[in-house]
Amino acid sequence: MHLSPSEEINMIEQKLKQSISLAFQNCFNAEVDIEKIALEKTSNDYEGDFTFVVFSYLKQSKKNPEQTANEIGNFVKQHVSEVASFNVIKGFLNFSLNNNFWFKFLQQNYSDQKFGFAKNQTNQKIMVEYSSPNTNKPLHLGHIRNNLLGFAVSNILKANGHQVTMCNLVNDRGIHICKSMLAWIKLGNGETPQSSGLKGDHLVGKYYVEFDKLYKKEISELESQGLSKEEAEKKAPSIIEAQQLLQKWEAGDEETVRIWKMMNDWVYAGFDITYKKLGVEFDKYYYESNTYILGKEIVQEGLSKNVFFKKDDGSVWIDLTDDGLDQKLLLRGDGTSVYITQDIGTAELKYKDFGCERSIYVVGNEQDYHFKVLQLICKKLGKSYADGIYHLSYGMVELPQGKMKSREGTVVDADDLMDEMINTAKETTIALGKTEGLDENELQNLYETIGLGALKYFLLKVEPKRKMMFNPEESIDFQGNTGPFIQYTHARIKSILRNVDEETLSIDMKNIELHILEKEVIEILHAYPAVIANAGKEMSPGVIANYVFDLAKSFNHFYHELSILKEENINQRNLRVMLCMFTANNIKSAFGLLGIRVPERM
RNA sequence: GGUCCUAUAGCUCAGUUGGAUAGAGCAACGGUUUUCUAAACCGUAGGCCCUUGGUUCGAGUCCAAGUGGGACUACCA
């Protein structure tokens, strides 16, 4: 039997578990399922590599913890050649592996660019929807979190061997777009991105803000005439005009549709630039202007199946009170669709197009309720894809002043933020003055790598479902647990490796020692396949981020204490060079999953 | 009213299916550079893991109740 390297490295845990299970049979005449045996990494305070905790097996062994652990330890040591020794403290059985195991692992994997990735495709098809912007305003910090999450999770799922389709559902129709359109028609004087020099999405966003100003002014005028706030909000001329514009759009009015298309195209051109700079991509775009009709058809289907019901005013509802939720509107009295109508349609369309058994929606936690309802509806309609719907919910990004409000102009604009980050990276890099010999192009590239690396890492290291605080003044650092810290580790390694001539390296295991600092790095590298698997299972880029930070920290410690190229024992030197190559590969690989680039120098 | 998220060091966050004395980074204080990149490394200090009860050999982790913070839910998306 020939095993590929990454199958082989997972085998040591498997081997130990198998042997432990046999030990139970042999020593205590007890059956213990291999799958149920849990091994953990030995705590740094104790000697050993892997630990088996025996407390919960005392019923099977019918002996005290120490005896149980000792008997199992003896058995395993005899039967697993990689086990060099073991020790028992209370109910903790700690196994130490021999150094050759670690040397072999290093030798076999140090140059494998795909180390840690699933060797075989799973045939599981997964759709990941993310970004999903409205086309009435530019992207902001919240969208950045969304985009980075969606892209990173897609990469992680691919690394787990799944077939991933990334899609972007563009919300290109609705009242919000009509607001921008109306303001542009009234106040724009034919302004275009070309005439103003403004990026298309920013131009359209400007008129969204203009609309809001006008609307607010009208409301306060009406209120001063004695109307209540609610009445004023409904009767303000601009909102009524915007609604009329929406009706004209739905009726296919030529001029309205022309302006709508024109302004949306401006926005798309702007988004493309932002997406490109951010480094995210999509395999497929869906547009709600195309999918909302399909949603209406499914609502009819639900009516005929008696899953939905119609009220006297003609509106269509589903009753979810038995599921602990409320009644939910699916179609307005006038027959027009609401948000969830379109999502029902899009879900169906996605499944028809790609047949994915899992469909992940990267959408903020403000829509937790919405997706719960969506999944319930699909289930009640008997849709086969209902169980595969998964809302990857993430917390809002908040500012020190509170929540971002695009209408009030308290948003952190995506383009501005990226530019600021890149600029800060530039200033810091110049101040440190280590980039002699790089040309203008390479420098610009480096600033982007570092600036965006800092931003992306900052947003991705936090568990998705947690809300996060973003303080523009002090949030993003270049020291400590940051993207640039890890990039710096990579650059330092590369600097060493530029002085290494050998294409391939070999070590004679008889003539080397394994220093504790070397071993710590190797152990972390060894865990990478399991980390990728776990990140995929949890759909959490934060798992990768925490991992790669640990790796960088551990490597820096090693680097600081031990010479690499100046080591005189050639075998030991080669071991350390391998460790450098392996670590650099691993940082690049892990950051690749996060959508972050690594520099050769910085 | 209903559904859900959240609470760990001054701040920002980790903490795997319950395991050994709860960890990082920042900020503070002290130290390290004639030696492979100091965006680094080492050390000191900093904790009623929101409260109470339960489950058990063992709970930051699981369960229940409560408190603080937040989101959603009533023809917006």
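Because the structure is predicted, anything quoted here is derived from the model rather than measured. Below, each value reflects all heavy atoms present in this structure, side chains not excepted, and no hydrogens, waters or symmetry copies.
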For [N] versus [M], give the span between their [atom1] atoms, rounded off to a whole number of Å.
N	M	atom1	answer
G53(B)	G23(B)	C1'	28 Å
A74(B)	A14(B)	C1'	40 Å
U17(B)	G10(B)	P	28 Å
G2(B)	G60(B)	P	31 Å
U6(B)	C13(B)	C1'	14 Å
U8(B)	G68(B)	C1'	15 Å
C48(B)	U67(B)	C1'	16 Å
A28(B)	A45(B)	C1'	8 Å

Base, sugar-phosphate alone, or nothing: which one does [X] contact when heavy atoms must sit under 4.0 Å apart?
X	value
Gly324(A)	sugar-phosphate
Asp550(A)	nothing
Phe549(A)	sugar-phosphate
Glu538(A)	nothing
Thr321(A)	nothing
Val462(A)	sugar-phosphate
Met396(A)	nothing
Phe485(A)	sugar-phosphate
Ile450(A)	base
Lys461(A)	nothing
Asp326(A)	base
Leu562(A)	base
Asp172(A)	nothing

Side-chain donor or acceptor of [X] under 3.5 Å from a matching atom on the base of [N]?
X	N	answer
Ser315(A)	C75(B)	yes
Asn136(A)	A77(B)	no
Thr51(A)	A20(B)	yes

Would you tell me whether Asp368(A) and Ser393(A) have side-chain atoms, one donor and one acceptor, within less than 3.5 Å of each other?
yes
Is the aromatic ring of Phe92(A) within stacking range of A20(B), meaning centres under 5.5 angstrom and planes under 30 degrees?
yes
Salt-bridge present ([X], [Y]; N to O < 4.0 Å):
X	Y	answer
Asp322(A)	Lys380(A)	no
Glu233(A)	Lys229(A)	yes
Lys216(A)	Asp212(A)	yes

What is the separation between atom CE on Met602(A) and atom C1' on A38(B), rounded to the nearest whole Å?
12 Å
Let me know the distance between CG of Asn499(A) and C1' of U37(B), rounded to the nearest Å.
12 Å
Counting heavy atoms from C-beta on, name the nucleotide in [options] closest to the side chain of [X].
X	options	answer
Lys467(A)	G70(B), U21(B), U37(B)	G70(B)
Ala491(A)	U37(B), C75(B), A77(B)	U37(B)
Arg492(A)	G19(B), A24(B), A40(B)	A40(B)
His560(A)	U6(B), U3(B), U32(B)	U32(B)
Asn481(A)	G25(B), U21(B), A14(B)	G25(B)
Leu565(A)	C42(B), C26(B), C36(B)	C36(B)
Lys372(A)	C76(B), C26(B), U3(B)	U3(B)
Asn556(A)	C36(B), A74(B), A40(B)	A40(B)
Lys465(A)	U37(B), A77(B), U6(B)	U6(B)

Would one find more than 12 heavy atoms of other residues, nucleotides or ligands at under 6.0 Å from atom CD of Glu502(A)?
yes
Assess whether atom CD of Glu47(A) is packed by more than 12 heavy atoms of other residues, nucleotides or ligands within 6.0 Å.
no
Kindly say whether the aromatic ring centers of [X] and [Y] come within a distance under 6.0 Å.
X	Y	result
His560(A)	His557(A)	no
Phe478(A)	Tyr488(A)	no
Tyr46(A)	Phe92(A)	no

Could you spell out the base pairing of RNA chain B as a dot-bracket line? Use Watson-Crick and G-U wobble contacts where both distances are under 3.5 Å, [ ] for crossing pairs, | for partners on a different strand.
(((((((..((((.....[...)))).(((((.......))))).....(((((..]....))))))))))))....
Judged by nearest nucleotide, the residue sitting upstream toward the 5' end of RNA chain B, Leu325(A) or Lys537(A), is Leu325(A)
Strictly below 4.0 Å, heavy-atom distances to any atom of RNA chain B: list the hits from residues 363-370 of chain A, or just say none.
Asn365(A), Glu366(A), Gln367(A), Asp368(A), Tyr369(A)
Ser132(A) backbone acceptor or donor facing Tyr286(A) side chain under 3.5 Å
no
At what distance, to the nearest 0.5 angstrom, does OG of Ser554(A) lie from CZ of Phe549(A)?
11.0 Å
A14(B) phosphate, OP1 or OP2: any side-chain N/O from Arg466(A) under 4.0 angstrom?
yes
Among Asn146(A), Val462(A), Leu148(A), which residue satisfies the side chain to side chain contact (heavy atoms under 4.5 Å, CB included) criterion with Tyr394(A)?
Asn146(A)
Would Phe211(A) and Tyr208(A) count as a ring pair (Phe, Tyr, Trp, His ring centres under 6.0 Å) here? Give the steps.
CA-CA 5 Å; Phe211(A) 172 89; Tyr208(A) 188 66; 7.2 Å; no
